[in-house]
Amino acid sequence: MSALDQNIKKLKSHLSRFENGGIKHRIAGEDVAGGGGFFTTTSPVDKSAICEVARGDAGDIDKAAKAAKVAFPTWRDMPAKERKAIMIRIAEGIEARAEEIALCECWDTGQAWRFMSKAALRGAENFRYFADQVGTARDGQHLQSPTLMNITTRVPIGPVGVITPWNTPFMLSTWKIAPALASGCTVVHKPAEASPLTARLLVEIAEEAGLPPGVLNTVNGFGEDAGKALTEHPDIKAIAFVGESRTGSMITKQGADTLKRTHFELGGKNPVIVFEDADLERALDAVIFMIYSINGERCTSSSRLLIHENIREEFEAKLIARVNNIKVGHPLDPATEIGPLISAEHYAKVTSYFDAARADGANIAAGGEAVGDLGYFVRPTLFTQANNTMRIAREEIFGPVLTSIPFSTEEEALQIANDSPYGLTGYVWTNDLTRALRFTEKLEAGMIWVNSENVRHLPTPFGGMKSSGIGRDGGDWSFEFYMEQKHIGFATGYHKILRLGA
Ligand code: NAD
């Protein structure tokens, strides 16, 4: 039996449990059908139905928020050692079911097995990393003044909402939920409607690991009802959101009446700048990896290639040969490099840029067409002869689509790179150290890699500038979001207190 057939067989056995009853909400440790009915989730691989999923409404969110509120004092006050032990057991549970998570994620999202098998393990790593910090998350400073001993301490903010997108949904959910739990917060999670499967597995694993009921609640459904209600709920103190920039803006408005604290990880149109003096073979590998892996459905993807005009022709020729050689196929085939796009809607959006490129006068040097009509497959695509005013250079396409733009000077490269509403990541390829220092200083991006693809190191700050986000994840930055800083001043003597009305 081929590796693909073996994976399909295993997947079928995992999915069979959803056949009867589908996926319900999980609130206070119980399955809840909710009041909004059900919707059918389908696979982008062949458009077949996977199962029915509860469509959460404001009433379901209210139940979940109340459950999170009730569970909050118990979780907040549980000794750090016990909370840490539960989080480690969650990591172990994820590792034990990594294959099931990866298979479900591939089928649900169209992501290729070769990338997703690792994404589940990275989810476990997120839990381990934040578990290690449970004991110190509340620690503060001692700031002596002449009359007071001032100390700072951090306390968890309360029940929080976590709203996640459909691209690498399992890993992204753990990225938010792990630090929230490590802080002592309870959580209501609203996963993306297009990818509900692995959020269900996560809450099951967490409960099996001993997480008390109500500490993590999952309400499925759509942004306009369940998502909106979560952002408006008065018991929810903060919203950690990953998704599109325009949704972030809507959440700001929705959360205004309840003064919601928000953390946004949003879209990007990230530049990779390749200078003449770079190691061009490594640069080529990184350019290809950072736009064509994970179907290009990746916020940090380098979707604009800024290439020095002296090396453009040769670099693009090599790029075209490699892009045409990328294997598009069934996501569960270990040889597949690109699977189908997530949904009919997203497929229509991505393919519409093939016409937009032509209309604006760019050249389609590779791809630019769909593959078959079984699922939402497109060929990896490269646009050349483009400039930064074209829609293909300004808008986030969020597919395996790269726009190549030439430059002639360092100043011009910087100007083009920064001429974008977004500012998530930037990638700079040069062997000139002083240029790298100069350039990265001025590049408008929350995260920059020099002579490297995106390599995530959990203690570093993750997040974007401009329309790409507000706030940072990772290390202590996560705790700053999920916790409140408190200052307490203790008088050290009898300093003079002004006596009014004496
Ligand atoms: P999206 O904004 O459409 O949806 C994200 C989530 O928000 C979903 O769960 C959705 O149901 C919910 N939602 C939609 N409308 C809402 C509303 N009015 N109120 C509350 N919730 C609402 O994004 P998507 O299409 O699922 O994901 C792709 C986007 O995510 C891309 O723009 C990508 O760049 C971005 N992203 C960013 C990062 C990052 O770290 N910066 C990481 C991954 C994805």
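As the structure lists them, so they are numbered: ligands from 1, and atoms in each ligand from 1.
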For [X], take its heavy atoms, then give the atoms of ligand 1 lying under 4.0 Å from any of them.
X    : answer
K190 : 8 (C), 9 (O), 10 (C), 11 (O)
G227 : 19 (N), 20 (C), 21 (N)
N167 : 43 (C), 44 (C)
M250 : 18 (N)
L172 : 43 (C)
F462 : 40 (O)
I163 : 6 (C), 7 (O), 9 (O), 12 (C), 20 (C), 21 (N)
G267 : 32 (O), 34 (O)

Evaluate [X] for polar contact with ligand 1, using N/O atom pairs at a separation under 3.5 Å.
X    : answer
W166 : yes
E244 : yes
L266 : yes
F398 : no
S468 : no
T164 : yes

Please list the nearest protein heavy atom to atom 39 (C) of ligand 1 with its residue and the distance rounded to 0.1 Å. C299 SG, 3.1 Å
May I ask you to identify the nearest protein heavy atom to atom 22 (C) of ligand 1, giving residue, atom name and distance to one decimal place in Å? G223 CA, 3.4 Å
Measure [X] to ligand 1 on non-hydrogen atoms and call it side chain, backbone, both or neither using the 4.0 Å cut-off.
X    : value
H346 : neither
Q254 : side chain
L230 : neither

Would you say the side chains of [X] and [Y] form a donor-acceptor pair under 3.5 Å?
X    : Y    : result
H233 : D62  : yes
S468 : K466 : no
S404 : E316 : yes
R298 : S293 : yes

Of L172, V162, T164, I90, the residue whose pairing with I177 passes side chain to side chain contact (heavy atoms under 4.5 Å, CB included): V162
What donor-acceptor contacts under 3.5 angstrom involve side-chain atoms of residues 416-424, with partners at least two apart or in another chain?
unit_1 : atom_1 : unit_2 : atom_2 : d
N418   : OD1    : E444   : N      : 2.8
N418   : ND2    : K442   : O      : 3.0
D419   : OD1    : R394   : NH2    : 3.0
D419   : OD2    : N388   : ND2    : 3.3
D419   : OD2    : R394   : NH1    : 3.4
S420   : OG     : Y422   : N      : 3.1

Take the angle between the ring planes of F383 and F354 and call it parallel below 30°, perpendicular above 60°, tilted in between. perpendicular
Is at least one protein non-hydrogen atom found at under 4.0 angstrom from atom 36 (N) of ligand 1? yes
Just checking, R55 and F222: is the charged tip under 6.0 Å from the six-membered ring centre and within 45° of the axis? yes
Do the two ring centres, one from W175 and one from F462, sit under 6.0 Å apart? yes
Taking the six-membered ring where the residue is Trp, are the ring centres of W166 and H346 under 6.0 Å apart? yes
Hey, could you give me the CD/CD distance between E480 and Q485, rounded to the nearest 0.5 Å? 5.0 Å
Starting at CG of N167, measure out to CD1 of I294 and round the result to the nearest 0.5 Å. 8.5 Å
For [atom], which of [options] has the closest heavy atom?
atom                    : options          : answer
atom 5 (C) of ligand 1  : T247, V242, D225 : V242
atom 29 (C) of ligand 1 : G243, G446, P165 : G243
atom 32 (O) of ligand 1 : E396, K228, M447 : E396
atom 40 (O) of ligand 1 : E297, E345, E265 : E265

Would you please name every residue forming a ring-ring contact (aromatic ring centres under 6.0 Å, His included) with Y292, sequence neighbours left out? none
Sole residue of K63, K66, K69 in salt bridge (charged side-chain N to carboxylate O under 4.0 Å, His left out) with D235: K69
